[in-house]
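Scope of the values below: all heavy atoms of this structure, side chains included, with no hydrogens, waters or symmetry mates. Computed from a prediction, not measured in an experiment: that's the story for all the values here. Note on naming: letters A, B, ... go to the chains in the order of the sequence lines (proteins, then strands), and numbering restarts at 1 for each one.
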Protein chains: 2
Amino acid sequence: MTRRPQNTRDRLTQTAARLFQRSGYNGVGLTEILTEAQAPKGSLYHHFPKGKQDLALAAASWASDGMRDMIAAAFNDAQDFRAGVTTLCHRIAKLFDSSPQWETCPIAATLFESPDNRAFRDHADRLYESWIDEVRDHAKRFGIPQPDMAADTLFIVMQGGWQLARARRDSNVLRRLPDHVPWDRFQHQD
Amino acid sequence: MTRRPQNTRDRLTQTAARLFQRSGYNGVGLTEILTEAQAPKGSLYHHFPKGKQDLALAAASWASDGMRDMIAAAFNDAQDFRAGVTTLCHRIAKLFDSSPQWETCPIAATLFESPDNRAFRDHADRLYESWIDEVRDHAKRFGIPQPDMAADTLFIVMQGGWQLARARRDSNVLRRLPDHVPWDRFQHQD
DNA sequence: ACAGGACTGGACCGATCGGTCCAGATGAAA
DNA sequence: TTTCATCTGGACCGATCGGTCCAGTCCTGT
């Protein structure tokens, strides 16, 4: 009987990631997470000694890895940088359509609450920079003249675009994101 | 003795706006709001019969008005659209520097939690669109060829830029936002 | 076979949550 | 001065919060 696949730790991490993204760190109780993950409290505090906070850090890391894989896949298949950006935007739009459309960026929902928690903020910073690093590496590979700025631009429009798509409940905002990018500044002949 | 200025309703609204922005809707308890606003529970439920939810809607509206005023002021003083954007970015950077630098967009912090609340989402949409409308009107006034798109672009880079500034703890991200805007698409000679 | 760490199950805790209720204070109109 | 609606003050409520604790179970190495 395999009613509960994987090990308990992964089940907890992934369930928590999903629920935190849906309702934010403070919007989800341990009871709900434990019920959905079919795990008792003892297991949680065995795998995550600091409780909810440890769980949130692990959940955010897991969600971040998924996003970084998505970025890597989009650029690996691409002919040039711009094509990679376009592919990524379309795939994120698809992701948006297949999710309850009020969800936030998983990192922000999980880690950008609770005022005085330095560990959360530092962790969020690290995860975000790992996305940006990934993009920058591809920008370099494609010979973009200002890879740092290009990576920052993509991060900015993705974050802001998701927010606007959420408000308007319209994934086309995400598909049109390449229109908001100053491509002339990223041309090879610069 | 004027220990408590203004009327109770405004004190509650503004205190709630500040605390919600700091810790999110679910991150602030009524007790904390009431203590800081120096008001008892009876007053809260007199002015806001539906309790925390009514209070959040009012707080978000109040915060939104402040932001819209800021947008209007930046563009009213400006020579052209681009100058207005630059001014706005610098003022927002200043605002960022003078606040605890982990705060979110006040609308998002207050209204973009709790999964199934349609009223919150609709209200957030309305408030965001009021910002975008304000920008679009100025874009039209300055003769920008694609005012809708220009307004969307500004919203997107402001939201995304704030997020990146927050992660990096660096307000210069906001000051450099104009570098991420495709100005050639907003030129008059189009 | 058995020893011992890894892991599970869940009862239990004090604190805090959002919300209800109503007596008392206040102030303007009659 | 009396009246009445508005507003304030705070005691009180059941539910849920995150966290603790430990007995019991399972698995692995010897």
Could one point to a donor on the side chain of K41(A) or the base of dG19(D) with an acceptor on the other under 3.5 Å away?
yes
For the residue pair R121(A) and F112(A), would you count it as a cation-pi contact if the rule is NZ or CZ under 6.0 angstrom from the ring centre and within 45 degrees of the ring axis?
no
Distance in Å, L127(A) CG paired with E129(A) CD, rounded so as to fall on 0.5 Å steps:
10.0 Å
At a heavy-atom distance below 4.0 Å, what parts of residues 52-60 of chain B sit against DNA chain D?
none
Pick the closest DNA chain C nucleotide for G42(A) and for H46(A) by heavy atoms, then say which residue is nearer the 5' end.
H46(A)
Can we say D65(B) and R68(B) salt-bridge, meaning some charged N sits less than 4.0 Å from an Asp/Glu carboxylate O?
yes
Return the value, rounded to whole Å, for the distance between atom CG of L44(A) and atom C1' of dC17(D).
14 Å
N/O (side chain, T8(B)) to phosphate O (OP1/OP2, dT8(D)) under 4.0 Å:
yes
Figure out the NE2/P separation between H47(A) and dG9(C), and round it to whole Å.
10 Å
Near DNA chain C, under 4.0 Å by heavy atom, which residues of residues 12-20 of chain A?
none
Any residue meeting side chain to side chain donor-acceptor pair (under 3.5 Å) with H138(A), in chain and number order, not counting sequence neighbours:
E134(A), R141(A)
Interatomic distance, Q146(B) atom CD to R185(B) atom CZ [nearest 0.5 angstrom]
8.5 Å
Is the phosphate of dC17(D) approached by T31(A) (side-chain N or O, under 4.0 Å from OP1 or OP2)?
yes
